[in-house]
Amino acid sequence: VSGSFSWDEYLKKTKETPAPQSCFKQAPVPPANKYKIGMKLEASDPRNLTSTCIATVVGMQGPRLRLRLDGSDNTNDFWRLVDSGDLHPIGYCEKNGGLLQPPLGFRMNPSTWPSYLQKTLQGAEIAPDSCFTKPPPTPPTNTFKQGLKLEAVDHKNPQLICPATVGDVNNDQIYVTFDGWRGAFDYWCRYDSRDIFPVGWGSLSGHPLQPPGHRGMAQYKANRIMKSASLSSGLQSSSSSSTSSATSQQPVTPSSVSPRGSTGA
Ligand code: MLZ
């Protein structure tokens, strides 16, 4: 499925503009991923942000890690960039006067946590310091504009990064709308979210990029077929011009999503 989508062609067809790199809290050159599956590190518990827990790398894609908190089940995995500020080497928490905590939903008796922790770390493969990369600087202000294109993590399917459009801007928030999905996956996030990327980030970083949804893709393909058909068979201009004026608005335009623009973060 992925690999068939080309931003170049898509942007030419839709006559849309990518959001510039300077909008994003992302390194212009995606960080190298030096982790290995099975390595352990410290991570903030996404469901309980004041807790630092032990996490294991259970998967990866480009510079993104799929993490599972030790002592939790396998239904609460989460993804972080290798240069996320939420990740630290084992020992970091204690060095800074903290205590490692059991994850929310620790499956055993809380009183067994200290011995569980000790056993977990014994003989474990510990992620070396060289795996950790400082997070990129935060752009001073929100410079996104409605209608600019980007790549964004689908929060309902967080392993996926998909073509998206800024549907609205409100102070430090932007509304991420997914091309071709009629709003089902759209969300508000901060402009400095680590889940949004400049156009081309997927191919630069080795992370697959999903194609736009059916609606966008159908229009995109129809446009291509109409063009080649009219070129080869000399279809007259009235039908092809009405098609191209309709498709030039596709996929889902910012104006069609703005009525939902008042929902909060
Ligand atoms: N299989 C899922 C994936 C949807 C992904 C959308 N991303 C914006 C579905 O078809 O619902």
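Atoms within a ligand are numbered from 1 in the order they appear, just like the ligands themselves.
In this structure, a donor-acceptor pair under 3.5 Å is absent between the side chains of Gln61 and Trp79. Between the side chains of Asp8 and Ser6, no donor-acceptor pair of N or O atoms lies under 3.5 Å.
Protein heavy atom closest to atom 3 (C) of ligand 1, with residue, atom name and distance, is Asn157 ND2, 4.1 Å. Counting protein heavy atoms only, atom 6 (C) of ligand 1 is closest to Asp154 OD2, 3.2 Å. The protein heavy atom nearest to atom 11 (O) of ligand 1 is Phe185 CZ, 3.9 Å. Closest to atom 10 (O) of ligand 1, if we only count protein heavy atoms, is Trp181 CH2, 3.6 Å.
Protein heavy atoms all stay at least 4.0 Å away from atom 1 (N) of ligand 1.
Residues Phe106 and Tyr116 bring their aromatic ring centres within 6.0 Å.
For ligand 1, the atoms closer than 4.0 angstrom to any heavy atom of Cys162 are 7 (N), 8 (C). Shown in contact with Phe178 at under 4.0 Å from a heavy atom are these atoms of ligand 1, numbered in order with element: 8 (C).
Put simply, the residue from His88, Lys95, Glu94 that forms a side-chain contact (heavy atoms from CB on, under 4.5 Å) with Tyr92 is His88.
Grouping the Ile, Leu, Val, Met, Phe, Trp and Tyr side chains by contacts below 4.5 angstrom, directly or via other members, places Met60 apart from Val153.
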